[in-house]
Amino acid sequence: MINFRILPILGHLALRDLNGTVCQKFFNLLLDQELSERYIKYIYNILNTSLEKAIDWDLILKNPLREVDLPKERKRKYTV
């Protein structure tokens with residue numbers, strides 16, 4: 001997933017160049033690709049964990065994902 005979804009779009013950016021706007025555009029792009037909300041949340045969790053570790057290692061001051069609005073998971077209707 002990292003090699004297929006994240007690195008092709010964000011891999012060329014330095015950590016200092018990641019901001020809320022760039023991250024929001026990334027997640028909007030994922031939405032435009034009609035990926036499920038659950039899958040997008042999974043990608044968010046991977047990035048969030050990585051960026052929190054970057055804060056721990058003093059590579060960045062704050063996590064740009066804190067500024068991102070993720071889509072709400074739609075409730076599915078089941079028919080029997």
Report the C-alpha distance between Val22 and Asp17 in whole Å, list the side-chain angles of each, state the deciding distance to 0.1 Å, and finish with yes or no for side chain to side chain contact (heavy atoms under 4.5 Å, CB included). CA-CA 8 Å; Val22 170; Asp17 296 331; over 6 Å; no
Nearest heavy-atom approach of Cys23 to Val68 is CB-CG2, 3.5 Å
Looking at residues at least two apart in the chain, or sitting in another chain, which of them share a side-chain contact (heavy atoms from CB on, under 4.5 Å) with Leu31? Asn28, Ile40, Pro71
Could you tell me which residues satisfy side-chain hydrogen bond (donor to acceptor under 3.5 Å, both in side chains) with Glu34, sequence neighbours excluded, listed by chain and number? none
Which residues pass the side-chain contact (heavy atoms from CB on, under 4.5 Å) test with Leu59, not counting sequence neighbours? Leu15, Ala54, Trp57
Using the test salt bridge (Lys or Arg N to Asp or Glu O under 4.0 Å), find all partners of Lys25 that sit at least two apart in sequence or belong to another chain. none
Ring pair (Phe, Tyr, Trp, His ring centres under 6.0 Å) pairs touching residues 14-36, sequence neighbours excluded, are Phe27-Tyr44
What do the steps show when you test Leu10 against Leu47 for side chain to side chain contact (heavy atoms under 4.5 Å, CB included), and what is the final call? CA-CA 11 Å; Leu10 298 177; Leu47 274 175; 4.1 Å; yes
Measuring from Ile6:CD1 to Ile43:CD1, what's the distance to the nearest 0.5 Å? 6.0 Å
Asp58 meets the side-chain contact (heavy atoms from CB on, under 4.5 Å) criterion, sequence neighbours left out, with none
For Arg66, which residues count as a side-chain hydrogen bond (donor to acceptor under 3.5 Å, both in side chains) partner, sequence neighbours excluded? Glu52
Please step through side chain to side chain contact (heavy atoms under 4.5 Å, CB included) for the pair Ile60 and Arg16, ending with a clear verdict. CA-CA 7 Å; Ile60 56 177; Arg16 68 179 173 275; 5.8 Å; no
Give, for atom CG of Leu65 and atom CG of Asn45, the distance between the pair rounded to the nearest 0.5 Å. 9.5 Å
For Gln33 and Arg5, which heavy atoms make the closest approach, and how far apart are they? OE1-NH1, 2.8 Å
Minimum heavy-atom separation for Ile55 to Lys62, with atom names? CD1-C, 3.7 Å
